[in-house]
Structures are given as structure tokens and as C-alpha cells.
Amino acid sequence: MTRKILVLFLIGLLAYVYQAITPPPPKFCGSPGGNPITAPRIKLSDGRHLAYKEQGVSKNEAKYKIVFIHGFDSCRHDVVIATTLSHDVIESLGIYIVSIDRPGYGESDPHPQRTPKSLALDIEELADQLELGSKFYVVGFSMGGQVVWGCLKYIPHRLAGAALLTPVVNYWWPSFPSNLSTKSYYDQLLPDQWTLRVAHYLPWLTYWWNTQKYFPSSSVAAHSPGIFKTQDMQLGPRFDGSQEKYRAQIRQQGEFESLHRDTNIGFGTWEFDPMDLKNPFDKNEGSVHLWQGDEDGLVPVILQRYIAQKLPWIQYHEIKGGGHLFPYADGMGDKLIKTFLLGEKFEV
């Protein structure tokens, strides 16, 4: 009798554990029980759909065609370079911008096999289906900056230029000196240290970690004010206000396929080290820019400086007093775009 009770207990325990660590299936847009499709989408070669949004001048009249990649817990509407980009600059330079919902966000289908390489190839396929031409520009903000590293690695021949706006770093990239990456890692809030540790070493526990109530999980996903410093405290309401109309769309297919998978990929073991990349524009036919605020509470400036030292062909711009949300500052869009596209000196 005791043995039977023990077996039943173990079976019950295993069932509970399995249920706790297994995320619910995603709610595909356009499927029964899912949200409606409101955005234009392309069908990728593997059958997935990628949602996008166009703005600026017509792509047929554009001189500069930009693919913008959003950050963590965001979507195609969060085009930070366009938020403070004036109509005059868009029209005078002939700028066309297409932004996407990264897989699992907004109205783009989830991609359980997503990798840094797969998303770069998604962007190339988007450019081909939208007929953007043989070359185009890419701009990524925050976690979207990691996607730009993938583009520089896997589709450099398709790029006219690339810009990384406070791109999130992976503390486990091999080229980082251990003293720098360790210090930066432990400078994070304790809940974020554990969240990233789980994502890197035990990705199969990510769903449980971010949904359990015993320990605090990601302060970034919770939008905790403790992650922000001076400028971000000022710009935070502007960012929150911009998302108010569509916030429900961002995670509508489930938090696992958006936030949790994003974390697993961003801080997992990458198939390449960005600091091993070669200059894709060795004939000066394009340029790569990286912007970083020195008071960013999410991305350590000391690691960004190290990347800039390792890759001297990147034009590095450090913003004194700048936070993670610096692109939302008044007039910043015009300054970023004129430096990126025209080569004008960047001044704040």
C-alpha cells in the first residue's frame, strides 16, 4: 500500500512539474480563438507570416529604404527613429521605413526554431517580397540591435548600411573579458540576474521562472522603475504613452513566444560572436553606426565600449547622460538619421 501511494505521489508530482514548465500553445492571429489580422503580412518560404508596417515616402520614390527592427516587449508600431523624425527630413531625403513584428510579437507567427540567423533571413525575404532592391538599410533598437548583428553576419551583401541603437549585449559572448562581463552582469538587479541565468543555462525552465510567484522574475518585463536612470525616468512616460493604443497587441499570441523566447535567444549560446565580424563595407560603400547612452540602466556602456574597440570599423557614438530610451528625446530622430545616412557629425 505504501509503495502504491508513493508511486501515485511521484506520478502526481511529475504531472505538476510538467504542467508548470510547459507553456500554453500560442494564439495564432487569424486562427479560431486568436485575434484578428489587421496588418499587412507576407508569407515566408516556410509558411510563417511576418507582419509589417510602412511609413515615409513611397518605396518606389524612396532614396533610402530602411528596415526597422523593434526591441523587447514591442512591435511594428514602435519605430523609435520615426518617433522624433520630422516630416521635412523624411520628404527631403526620400526616406521609406518598413518595420516588422518580430516572430511571436504582434501579428507575426511564432517561430519555435528561431535563431539569430533565421531572423536575418526573414528580413532578407521581406526585402525581396516588398521589392526593396538589392541593398537596403537596417536599424535595430535594443533587442532589435541583436538582430542587426545577425544581418551583418548572414546577409552583409544585402546591406547599404546598418545602425544599432543601444543594442542589448549577451554577457556570454566569448570575446568579452570575464572581468568586464562578470561585473556588468552583477550590476543588474538581482531578479534580472536570475532571469538571464535561467535563460542561458536552463531555457526549458524559462516559462516557469517567469510565471511562478515564489521569486521575483524579470524586472524588465515588469517595466520596473528600478531599471531606469535619470533620462529614462523623464522619457519613460513618453514611451509608455506611445504604446497605450496598441499595448494589448504586443503579447497577444502569448508571453512565451514573445518575451520568453526573446530572452532565451538573446542570452542563449549564439552560433557566432559579433566581435569576430569583419567590416562589410571595406570599400566605404556603406557604414555601421552604434549609439549608446552612458547612463543606460539596461545595457552596460563598458561592454559597448569594448565592442567598439574590438570593431574599429564601427562608428561609435556615446551620448553623455543618455539612457536606454534616448531615441525618444526631442529632435533625436533627425540627428540619428542625418548622421547615419548623410554622414553628418553627431552632436547632442
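Ion pairing between a basic and an acidic side chain is recognised when a charged N comes within 4.0 Å of a carboxylate O; E54 and K59 show such pairing. Under 4.0 Å is where a charged nitrogen must lie from a carboxylate oxygen, and between R102 and D262 at least one such pair does. Between K338 and D334, none of the side-chain N atoms (NZ, or NE/NH1/NH2) sits under 4.0 Å from a carboxylate O, so this pair counts as no salt bridge. With respect to the salt-bridge test (charged N to carboxylate O, under 4.0 angstrom), the residues R197 and D192 do not qualify. A salt bridge does not link K117 with E271: every distance from a Lys NZ or Arg NE/NH1/NH2 to an Asp or Glu carboxylate oxygen is 4.0 Å or more. Salt bridge annotation for E295-K229: absent, with no cationic side-chain nitrogen under 4.0 angstrom from a carboxylate oxygen. The existence of a salt bridge linking K53 and D101 is excluded, since no basic side-chain nitrogen approaches an acidic carboxylate oxygen closer than 4.0 Å. Using a 4.0 Å cut-off between charged side-chain N and carboxylate O, D122 and R48 make a salt bridge.
Centroid-to-centroid, the aromatic rings of Y137 and Y64 come within less than 6.0 Å. For F340 and F346, the gap between ring centers reaches or exceeds 6.0 Å. Taking the ring centroids of F326 and H317, they lie at or beyond the 6.0 Å cut-off.
Between the side chains of N60 and Y96, no donor N or O sits under 3.5 Å from an acceptor N or O. Between the side chains of H223 and D73, at least one donor N or O sits under 3.5 Å from an acceptor N or O. No side-chain donor-acceptor contact under 3.5 Å links H260 and S258. D78 and H70 form no side-chain donor-acceptor contact under 3.5 Å, judged by distance and modelled atom types alone. When only modelled atom types and interatomic distance are considered, E107 and T38 share a side-chain donor-acceptor pair under 3.5 Å. Between the side chains of D232 and H324, no donor-acceptor pair is found at a separation under 3.5 Å.
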Exercise for the section: Just do the ring pair (Phe, Tyr, Trp, His ring centres under 6.0 Å) check on W291 and Y316 with the steps written out, would you? Expected result: CA-CA 6 Å; W291 277 270; Y316 178 64; 9.8 Å; no
Exercise for the section: I would like to know whether Y185 and H200 meet ring pair (Phe, Tyr, Trp, His ring centres under 6.0 Å); could you show each step before the answer? Expected result: CA-CA 13 Å; Y185 178 83; H200 184 78; 9.5 Å; no
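In the hydrophobic clustering of ILVMFWY residues, with side-chain heavy atoms under 4.5 Å counting as a link, L205 and V220 come out together. Note: the hydrophobic cluster containing L325 also contains F68 (ILVMFWY, side chain heavy atoms under 4.5 Å, direct or indirect links).
Checked by atom type and distance alone, the side chain of T84 pairs as donor or acceptor with a backbone atom of G333 at under 3.5 Å. The closest donor-acceptor contact from the side chain of W270 to the backbone of I265 lies under 3.5 Å. Here the side chain of Q146 pairs no donor or acceptor atom with the backbone of F141 at under 3.5 angstrom.
The environment of CH2 in W172 is crowded: more than 12 heavy-atom neighbours from other residues, nucleotides or ligands sit within 6.0 Å.
In this pair, W209 and W194 present their aromatic rings tilted. The plane angle is within the 30 to 60° band.
Taking each heavy atom of Q55 and A82 in turn, the nearest pair found is OE1-CB, 3.6 Å. Closest approach of P327 and L336 over heavy atoms only: CB-CD1, 4.4 Å.
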